[in-house]
Amino acid sequence: MDPAVVGGEAPLRPSVVLPVFEGPLDLLLHLVREEKVSIWDIPIARICAQYHEALRAMEEMDLEIAGEYLVYAAWLLLIKSRLLLPRHEGEEKDPRQELVERLVEYEKVKAAAAELAGLVEMRRGVEAVRFAAPPAPEDVELDLEDVDVLALSRALRQVLERHVREHPQTLQLEPIRFSVREKIIELFDLIRRQRSFPLLSHLLTRPDRLESVTLLLAALELVRLGTARSHQRRPFAEIYLTPTGTALPMDALTDA
Amino acid sequence: MPELKHLAAMVEAILAVAGEPVMLDALVAVAGQGVEPGQVEEAIEFVRLRHEGEGSGLQVEHVAGGWRLATRSEHEWALREYLGYRARARLSQAALETLAVIAYRQPITMPEINFLRGVNSAAVVRTLVERKLVVVAGRKQVVGTPLLYRTSKEFLVHFGLRDLSALPTPEEVEQVSGEGASEP
Amino acid sequence: MPELKHLAAMVEAILAVAGEPVMLDALVAVAGQGVEPGQVEEAIEFVRLRHEGEGSGLQVEHVAGGWRLATRSEHEWALREYLGYRARARLSQAALETLAVIAYRQPITMPEINFLRGVNSAAVVRTLVERKLVVVAGRKQVVGTPLLYRTSKEFLVHFGLRDLSALPTPEEVEQVSGEGASEP
């Protein structure tokens, strides 16, 4: 066992080599292995003490201890106390059960990770050949199979950022009249179709400011008519409009 | 002489990843101590001859004072075919951007897409329609009644979305890809 | 049979310029009318065997559902020497564990990953997404509709896997882990 971690002696320098644990499960697994006991019969009291000692050592070394370690520390104490209580014969399951199950699962994860590392190790020096090729007909770098919604959203953000850069606020287009009534119908359709409609980014990307204003009025009108609800998680975040299910009362629409 | 074959294999591997003509000096240096330039030349010749035979699509060329591995000219046609085929199965950055604009702003007209992207996107939209990721969704009732575009059912299937509301929100994207991670 | 050799040469040329796994479909399409998939497979096998012999620095790999031409690992040292030290950035233990969780349980949500690893893995997943080893695969239809993650095609290429079924089976992994800790 590395004394720097679980031996309890404060190291002279905080830079001593320390096994890096990937989390509380990793640390627990390490302790169980050091004890050379079966994972199915963990001496909780001893492991619990060692676990807390390890945390203390990490603290002394000024290592930031992630919250998960503390959660598991509390859990270990809870299991320990449960084990001290008299148990009804064959009724309750072993208080250690869930912890053991997680450790077993985690051990599999670690084994699989080692397996993957081995695969990569075997492939060192295996490089795709790079030949001088005739020029591709188009700049096509993205394999559709690996293009996911994140790539899509990022692409949108790029477009919007570029758009804002290239269109300083002085933008003035032909003054076109927009009718609130027309926008109400248009917006209502969008909301119904998308179920959760990002109003803010829609408004901010309209080519015409007057259109944005008209759209905003239309949005307010939709909410007032009880046909849409608006949500905003925090100030300045996106405002989402969702349909309430109420139909649009066509006769109530004024022609502004 | 296993020595020669081993050297030849090494030469071939280097030529295959170099992407440019490799000088004899460089090969000799990599071959390490005790290997004479003459031996390396022999190895190059070995690789060259091996690719001269029928059944190889490659050749060793002596250009710009160095050696390089290249495809043979008789396959140029097939290579173009392949690159064209691949292009049809992939997305360009322009296509991805356009698809993103349509996905998040649908239904949307061509002038609106052009306005947002700042470039004419007609050809890209056509490609997306051909690839069935985008469909026409009627006309907008404004001057000129331009066509409206929206994403297709195939689009939802490809991206594993149940409906459009399942597209990630800007907050989610930020969480997962982090700030400034927008460049690949 | 000049037909086979000609086809093999074409296949080799295409694999050489593709730089990524090429699907059988693509090769068949490029080969043109009248060429059966079986013939193309024979041609691939011809190329593969030709590179198995001594004196070749290359190999035909069957990864991510396709074939690609790559260098052999025994020349790693020479390649590194020639290209300058440019080892691919290694994956951290955290990244490997997270990748293992995703690979074996996909599609999987972030909370599920966190649960299995016992630590918050958001930052690691973000890195894996940036390295294109992991992609989003829709949403899970549970409260909060969290995003689902899966491994990418790039993941298969990186680990040299033909497809996901080529991952070591959980039983194989368990045998390796051993340690007597997994007795029931």
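Computed from a prediction, not measured in an experiment: that's the story for all the values here. Within every chain, numbering begins at 1; the chains are lettered A, B, ... in the order of the sequence lines, protein sequences first and strands thereafter.
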Can you tell me which portion of [X] sits under 4.5 Å from chain C's heavy atoms? Options are side chain, backbone, both or neither.
{"X": "A:E105", "value": "side chain"}
{"X": "A:Y69", "value": "neither"}
{"X": "A:E101", "value": "neither"}

Segment of [X] engaging chain A (4.5 angstrom heavy-atom cut-off):
{"X": "C:L15", "answer": "backbone"}
{"X": "C:Y104", "answer": "side chain"}
{"X": "C:L79", "answer": "side chain"}
{"X": "C:E61", "answer": "side chain"}
{"X": "C:N120", "answer": "both"}

Against chain A, work out which of [options] has the most heavy-atom pairs shorter than 4.5 Å and name it.
{"options": "C:P168, C:A78, C:A103", "result": "C:P168"}
{"options": "C:G160, C:A94, C:S73, C:A13", "result": "C:S73"}
{"options": "C:G138, C:A16, C:S152", "result": "C:A16"}

Requested in this report: Would you check, one step at a time, whether the test side chain to side chain donor-acceptor pair (under 3.5 Å) holds for C:T98 with C:R117?
Outcome: CA-CA 8 Å; C:T98 308; C:R117 289 196 60 226; 3.2 Å; yes
Query raised in the report: Do any N or O atoms from the side chain of A:D146 and from the backbone of C:K132 form a donor-acceptor pair under 3.5 angstrom?
Result: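 Here the side-chain-to-backbone pair does not exist.
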Query raised in the report: Within the distance-only criterion (no hydrogens, no angle test), does the side chain of C:S92 pair as donor or acceptor with the backbone N or O of C:A95 below 3.5 angstrom?
Result: yes
Report task. Taking atom types as modelled, find out whether A:E35 and A:Q50 have a side-chain donor-acceptor pair closer than 3.5 angstrom. Result ->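 Yes.
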Charged N to carboxylate O below 4.0 Å: is that the case for [X] and [Y]?
{"X": "C:R48", "Y": "C:E52", "value": "yes"}
{"X": "A:E98", "Y": "A:R102", "value": "yes"}
{"X": "A:K110", "Y": "A:D26", "value": "yes"}

Query raised in the report: Most heavy-atom pairs under 4.5 angstrom with chain C, which of A:V109, A:L25, A:L116?
Result: A:L116
Query raised in the report: Who wins among A:E68, A:M122, A:K36, A:E145 for the most heavy-atom pairs under 4.5 Å with chain C?
Result: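 Highest number of heavy-atom pairs under 4.5 Å: A:E68.
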Requested in this report: Taking all heavy atoms of C:F155 and all of C:L164, pick out the closest pair and write down the distance.
Outcome: CE2-CD2, 4.2 Å
Report task. Would you check, one step at a time, whether the test side chain to side chain donor-acceptor pair (under 3.5 Å) holds for C:E3 with C:Q39? Result -> CA-CA 9 Å; C:E3 179 69 18; C:Q39 290 172 280; 4.5 Å; no
